[in-house]
Peer 1: 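Here it is: the structure, laid out below.
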Amino acid sequence: QVQLTESGGGLVQAGNSLRLSCTASRRTASNNGMAWFRQAPGREREFVAGISWNGGITPYLQSVKDRFTISREYGKSTAFLQMNHLKPEDTGTYYCAISRTAVAGTTRDTYQYWGQGTQVTVSS
């Protein structure tokens, strides 16, 4: 069983930045895609950003494309999400996930391991 641990969430004002980190308990994801999802109260969990095993492919949710940047440490099961120019609508619990394959799909069923989430709250 792989455990994922997210960190870096918090309460910030709109326009500010946060950097989320995700670390796996084992180096099992070095050849797998990784991603960040988020879930706001009363809404379904949605894909935010993903990164392939070598960092070459990075799909994004359209509304965050010019503000968020996903990255990873090559050969490790560690991923990051740099979030700039945060907006109140970015508020939610952010989850890290490891893909079943080398790429990062945009749907939940393509991921096999999930973290417990870290809360991000953006005030207006």
Side-chain angles (χ1 to χ4, degrees):
Q1 184 69 22
V2 177
Q3 292 183 330
L4 295 175
T5 302
E6 302 100 333
S7 61
L11 170 63
V12 296
Q13 289 187 328
N16 285 348
S17 301
L18 283 173
R19 179 178 171 85
L20 305 183
S21 299
C22 170
T23 302
S25 58
R26 293 192 282 131
R27 198 171 171 175
T28 186
S30 60
N31 294 322
N32 293 69
M34 298 183 72
W36 291 92
F37 285 70
R38 68 186 180 190
Q39 186 167 18
R43 301 186 64 178
E44 292 189 356
R45 192 173 301 187
E46 66 176 351
F47 173 85
V48 175
I51 188 165
S52 59
W53 73 280
N54 63 353
I57 302 173
T58 53
Y60 288 92
L61 177 68
Q62 185 62 36
S63 63
V64 310
K65 193 171 185 177
D66 296 326
R67 300 183 293 119
F68 292 8
T69 302
I70 189 170
S71 61
R72 67 184 299 168
E73 293 185 345
Y74 182 72
K76 296 183 179 181
S77 303
T78 303
F80 307 94
L81 185 66
Q82 178 66 43
M83 305 186 294
N84 298 329
H85 306 294
L86 283 161
K87 303 177 180 180
E89 50 264 44
D90 295 319
T91 294
T93 302
Y94 282 68
Y95 298 90
C96 178
I98 296 176
S99 174
R100 302 179 190 277
T101 69
V103 296
T106 60
T107 58
R108 292 177 60 180
D109 60 353
T110 60
Y111 292 85
Q112 57 181 332
Y113 299 114
W114 294 84
Q116 294 299 308
T118 184
Q119 179 66 35
V120 172
T121 304
V122 185
S123 63
S124 57

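A quick note: this is a predicted structure, and the numbers were derived from the prediction, not measured.
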Peer 1: Please give the remaining members of the hydrophobic cluster of Tyr111, linking ILVMFWY side chains under 4.5 Å, ordered by chain and number.
Peer 2: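 ILVMFWY cluster around Tyr111 also holds Phe37, Phe47, Tyr95, Trp114.
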Peer 1: Nearest 0.5 Å please: distance from the OG atom of Ser77 over to the CG atom of Leu4.
Peer 2: 8.5 Å
Peer 1: Would you list the pairs meeting salt bridge (Lys or Arg N to Asp or Glu O under 4.0 Å) in which at least one residue belongs to residues 91-120, sequence neighbours left out?
Peer 2: none
Peer 1: Got a second to check how far Ser52's OG is from Met34's CE, nearest 0.5 Å?
Peer 2: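 Between Ser52 OG and Met34 CE, I get 12.0 Å after rounding to 0.5 Å.
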Peer 1: Determine whether a donor-acceptor pair (N or O, by modelled atom type, separation under 3.5 Å) exists between the side chain of Gln116 and the backbone of Glu6.
Peer 2: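 Between the backbone of Glu6 and the side chain of Gln116 there is no qualifying donor-acceptor contact (under 3.5 Å).
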Peer 1: What pairs meet the salt bridge (Lys or Arg N to Asp or Glu O under 4.0 Å) rule with one or both residues in residues 59-71, with sequence neighbours excluded?
Peer 2: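 Counting only pairs at least two positions apart or across chains, the salt bridge (Lys or Arg N to Asp or Glu O under 4.0 Å) contacts touching residues 59-71 are Arg67-Asp90.
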Peer 1: I need the minimum non-hydrogen distance between Ile70 and Tyr60, along with the two atoms involved.
Peer 2: N-OH, 2.9 Å
Peer 1: For Val122, does its backbone N or O pair with a side-chain atom of Thr91 as donor and acceptor, under 3.5 Å?
Peer 2: yes
Peer 1: Are more than 12 heavy atoms from other residues, nucleotides or ligands located less than 6.0 Å from atom CG of Leu11?
Peer 2: yes
Peer 1: Holding to side chain to side chain contact (heavy atoms under 4.5 Å, CB included), I want the full list of residues that pass it with Thr101, two or more places apart in sequence or in another chain.
Peer 2: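 Thr101 satisfies side chain to side chain contact (heavy atoms under 4.5 Å, CB included) with Ser99, Val103 only.
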Peer 1: Which pairs with one or both residues in residues 30-124 pass disulfide (SG to SG under 2.5 Å), sequence neighbours excluded?
Peer 2: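 Disulfide (SG to SG under 2.5 Å) check on residues 30-124 returns Cys22-Cys96.
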Peer 1: Show your reasoning for whether side chain to side chain contact (heavy atoms under 4.5 Å, CB included) applies to Leu61 and Phe68.
Peer 2: CA-CA 9 Å; Leu61 177 68; Phe68 292 8; over 6 Å; no
Peer 1: Taking only residues two or more places apart in sequence or in another chain, which ones pass side chain to side chain contact (heavy atoms under 4.5 Å, CB included) with Ser25?
Peer 2: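 For Ser25 the side chain to side chain contact (heavy atoms under 4.5 Å, CB included) partners, ignoring immediate neighbours, are Val2, Gln3.
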Peer 1: Identify all side-chain donor-acceptor contacts of residues 80-89 below 3.5 Å with residues at least two apart in sequence or on another chain.
Peer 2:
from  : atom 1 : to    : atom 2 : distance (Å)
Gln82 : NE2    : Asn84 : OD1    : 2.9
Asn84 : OD1    : Ser17 : OG     : 3.0

Peer 1: Scan for salt bridge (Lys or Arg N to Asp or Glu O under 4.0 Å) pairs involving residues 40-53, sequence neighbours excluded, and state none if there are none.
Peer 2: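 Listed by first then second residue: Arg38-Glu46.
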Peer 1: Taking all non-hydrogen atoms of both residues, which atom of Ser124 and which atom of Ala14 are closest, and how far apart?
Peer 2: CA-CB, 4.4 Å
Peer 1: With Thr110, which residues qualify under side chain to side chain donor-acceptor pair (under 3.5 Å), at least two apart?
Peer 2: none
Peer 1: Checking Thr93 now: which residues fulfil side chain to side chain donor-acceptor pair (under 3.5 Å) with it, not counting sequence neighbours?
Peer 2: Gln119
Peer 1: Are there over 12 heavy-atom neighbours, none belonging to Glu73, within less than 6.0 Å of that residue's CD?
Peer 2: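 Atom CD in Glu73 is packed in, count exceeds 12.
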